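What follows is a set of notes on a single structure, which appears directly below.
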Amino acid sequence: MYIDPASWAHWKKTGQFRDGTIIVKELVSVGTKESASGHGYFQGEFLGIAATVKIPKRLPIDPITGPIWF
């Protein structure tokens, strides 16, 4: 997962992501390998990218789920 340094610092300080925070995640399959020492798991084939943006100013904040993320 990737996040810009300013948004990460804000989250570490407050426990909440600031407005405009973008989080990006690489989607990969899980690879496996068998060896003499046992089974191993590793990053497999790249499948895509997913991203989300916190934009509560554009939509109302839900009282149950909180700010809207897209």
Side-chain angles (χ1 to χ4, degrees):
M1 292 185 64
Y2 304 94
I3 185 171
D4 67 279
S7 293
W8 175 251
H10 182 81
W11 179 82
K12 284 177 55 178
K13 183 178 179 181
T14 67
Q16 296 184 11
F17 290 108
R18 65 189 182 132
D19 294 352
T21 297
I22 300 172
I23 299 174
V24 177
K25 180 180 180 181
E26 289 182 90
L27 305 174
V28 296
S29 64
V30 177
T32 61
K33 185 174 183 179
E34 191 171 334
S35 66
S37 62
H39 296 285
Y41 297 93
F42 58 92
Q43 181 174 315
E45 182 180 331
F46 175 79
L47 301 174
I49 291 180
T52 186
V53 181
K54 182 180 178 187
I55 53 168
K57 292 179 182 178
R58 298 178 100 190
L59 298 167
I61 295 177
D62 186 290
I64 296 171
T65 61
I68 303 296
W69 288 79
F70 284 97

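Everything numeric here is computed off the predicted structure, so don't read it as measured data.
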For L47, the rest of its hydrophobic cluster, which grows through side-chain links under 4.5 angstrom: L27
Hey, could you give me the CD1/NZ distance between I49 and K25, rounded to the nearest 0.5 Å? 12.5 Å
In chain order, what residues pass the side chain to side chain donor-acceptor pair (under 3.5 Å) check against D4, with sequence neighbours excluded? S7, R18
Residues which pass side-chain contact (heavy atoms from CB on, under 4.5 Å) with Q16, listed by chain and number, not counting sequence neighbours: T14
So, taking the atom named CH2 in W8 and the one named CD1 in I23, what distance separates them when rounded to the nearest 0.5 Å? 9.5 Å
Between F46 and V28, the two heavy atoms sitting closest are CA-CG1, 4.0 Å
If you measure from CZ on F17 to CD1 on I3, what distance do you get to the nearest 0.5 Å? 4.5 Å
